Amino acid sequence: MASPDVLLKNEIQELRSKHDALILAHYYEDGAIQDLADHVGDSLALAQWGQRADNPVVLMAGVVFMAESVKLLSPGKRVLVPDLKAGCSLVDHSPYRKYLEWRLKYPDAICLTYVNSSAEVKAITDVCVTSSNAEKIVNAIPKDRRILFGPDRNLGRYLSKKLGREMILWEGSCEVHVLFSSRRLQELKLRYPEALVIAHPECDPAILAESDVIGSTSRLLDEVTNNRQRKQFIVATEHGILHQMQRARPDAELIQAPAEGSCACNECPYMKLNTLEKVRDALKGLSPEVTVRSDVQALARVSLERMMAITEGRPVEWPTTFKDPGLK
Ligand code: 13P
Ligand code: SF4
């Protein structure tokens with residue numbers, strides 16, 4: 001008799017075939033969810049796979065803004081999430097009305113918004129970025145234009161310093177990445193002097209200052225996979241990614257960067273809302289489905305498509321000034 005876990009996975013496989021559904025998972029999901037996905041990736045890769053696939057149904061095991069990106073780029077697809085409550089603190093830190101007020105103060109600037117934002121905020125954005133294409137996008141902005149960057153102040157500050165571009169920053173942050181403790185990281189470095197410290201740019205500057213490699217989740221996974229000289233890595237990002245890292249490098253010792261105190265706070269509570277049961281239920285009932293209002297969709301798509309164009313090396317045009325689109 002098969003175990004309940006095997007029965008559940010079989011059920012998911014049957015439902016996925018029945019609906020010709022594509023299953024996408026972010027690196028921060030539980031290992032069991034990553035293992036049954038068609039693709040596991042960072043925010044940019046997930047959006048690209050979702051857009052390019054022919055499947056009529058896409059299930060995003062990630063957070064809601066990731067599913068919205070797929071919906072915005074492929075409005076004809078039915079995009080499901082296991083749990084609509086899987087939000088993101090950066091989305092919560094950038095409510096539409098406040099972001100609009102900020103945007104209106106600098107109408108001549110080009111507004112860059114991290115994809116970790118709502119569809120409404122993307123609708124008043126000139127170009128979106130993810131942590132893997134942000135440098136390329138900042139470099140594509142004409143040098144004489146002012147830059148607004150939101151909602152992640154740490155990513156913005158990191159880019160501004162690295163690329164030597166001044167930016168007006170929005171004060172938002174990731175509630176998971178800001179919890180890593182630089183004091184405890186310094187102690188770990190003394191204990192593991194041979195270890196390479198790798199960090200996501202959403203971490204505070206004090207953590208980034210202690211890091212050898214800074215990058216998106218896929219960049220950090222590449223480092224662990226390909227840096228064969230190193231056998232120990234201190235990882236300052238969400239715990240779920242250790243699943244792929246350990247699989248790629250069974251010989252390596254992966255040490256999670258600690259938070260202050262003894263909490264499990266380097267787990268994203270939103271990503272961890274997703275479970276295999278909820279994946280099964282979403283495929284069974286074709287719900288919950290992510291929807292975006294048509295007026296928001298039309299505007300938000302422009303900023304995401306501009307991001308995709310620059311990422312793929314295609315030329316883009318920049319608006320000269322910003323006007324309130326009057327969204328209700
Ligand atoms: P990546 O695009 O690097 O996967 O980051 C997404 C995210 O939410 C990190 O907290
Ligand atoms: Fe948002 Fe942080 Fe979770 Fe990423 S880890 S989804 S930025 S709350």
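Computed from heavy atoms alone, side chains included, the values below leave out hydrogens, waters and symmetry copies. Remember, it's 1-based here, ligands and their atoms both numbered in the order they're listed. Along the sequence shown, residues are numbered consecutively beginning with 1. Everything numeric here is computed off the predicted structure, so don't read it as measured data.
Close approach of ligand 1 to His177 (heavy-atom distance below 4.0 Å) involves ligand atoms 10 (O). Residue His26 has at least one heavy-atom neighbour below 4.0 Å for each of these atoms of ligand 1: 1 (P), 4 (O), 6 (C). In summary, the atoms of ligand 1 found under 4.0 Å from a heavy atom of Ser216, numbered by their order in the structure, are 3 (O). Counting atoms of ligand 2 from 1 in the listed order, those under 4.0 Å from a heavy atom of Tyr28 are 5 (S). Numbered from 1 in the order shown, with element, the atoms of ligand 1 that lie under 4.0 Å from a heavy atom of Asn116 read 7 (C), 8 (O).
A side-chain contact (heavy atoms from CB on, under 4.5 Å) with Phe233 is found for one member of Glu253, Met245, Arg249 and no other, namely Arg249.
Judged purely by distance below 3.5 Å, without hydrogens or angles, the side chains of Asn274 and Asp83 never pair a donor atom with an acceptor atom. A donor-acceptor pair shorter than 3.5 Å can be found between the side chains of Gln13 and Arg16. Tyr99 and Thr113 share a side-chain donor-acceptor pair at under 3.5 Å. No side-chain donor-acceptor contact under 3.5 Å links Ser216 and His200. A donor-acceptor pair shorter than 3.5 Å cannot be found between the side chains of Glu194 and Gln232.
Under the 4.5 Å side-chain criterion, counting only non-hydrogen atoms from C-beta, Lys71 is not in contact with Lys77. Looking only at side-chain heavy atoms (C-beta outward), Ile234 and Ile198 stay at 4.5 Å or farther from each other.
For Trp170 and Phe149, the distance between ring centers is not under 6.0 angstrom.
Of the candidates Gly41, Ser89, Cys268, Ser131, the one placing a heavy atom closest to atom 3 (O) of ligand 1 is Ser131. Counting only non-hydrogen atoms, the option in Glu238, Met66, His200, Glu175 that gets closest to atom 5 (O) of ligand 1 is His200.
The closest approach between a heavy atom of Thr130 and any atom of ligand 1 is not below 4.0 Å. Ligand 1 lies out of reach of Arg219, whose nearest heavy atom is not under 4.0 Å from it. Ligand 1 lies less than 4.0 angstrom from a heavy atom belonging to Tyr28.
Judged by distance alone, with hydrogens and angles left aside, the side-chain atoms of Ser117 form no donor-acceptor pair with the main-chain N or O of Lys122 at under 3.5 Å.
When hydrogens are left out, the protein atom nearest atom 10 (O) of ligand 1 is Glu202 OE1, 2.8 Å; that is the closest non-hydrogen contact. Of the protein's heavy atoms, Ser43 OG, 3.4 Å lies nearest to atom 6 (C) of ligand 1.
Atom CG of Asp222 sits about 9.5 Å away from atom CG of Asp42, to the nearest 0.5 Å.
Both cation-pi conditions hold for Arg103 and Phe322: the charged atom is under 6.0 angstrom from the six-membered ring centre and inside a 45 degree cone around its axis.
Note on atom 2 (Fe) of ligand 2: protein N, O or S atoms under 2.8 Å away count 1, no waters included.
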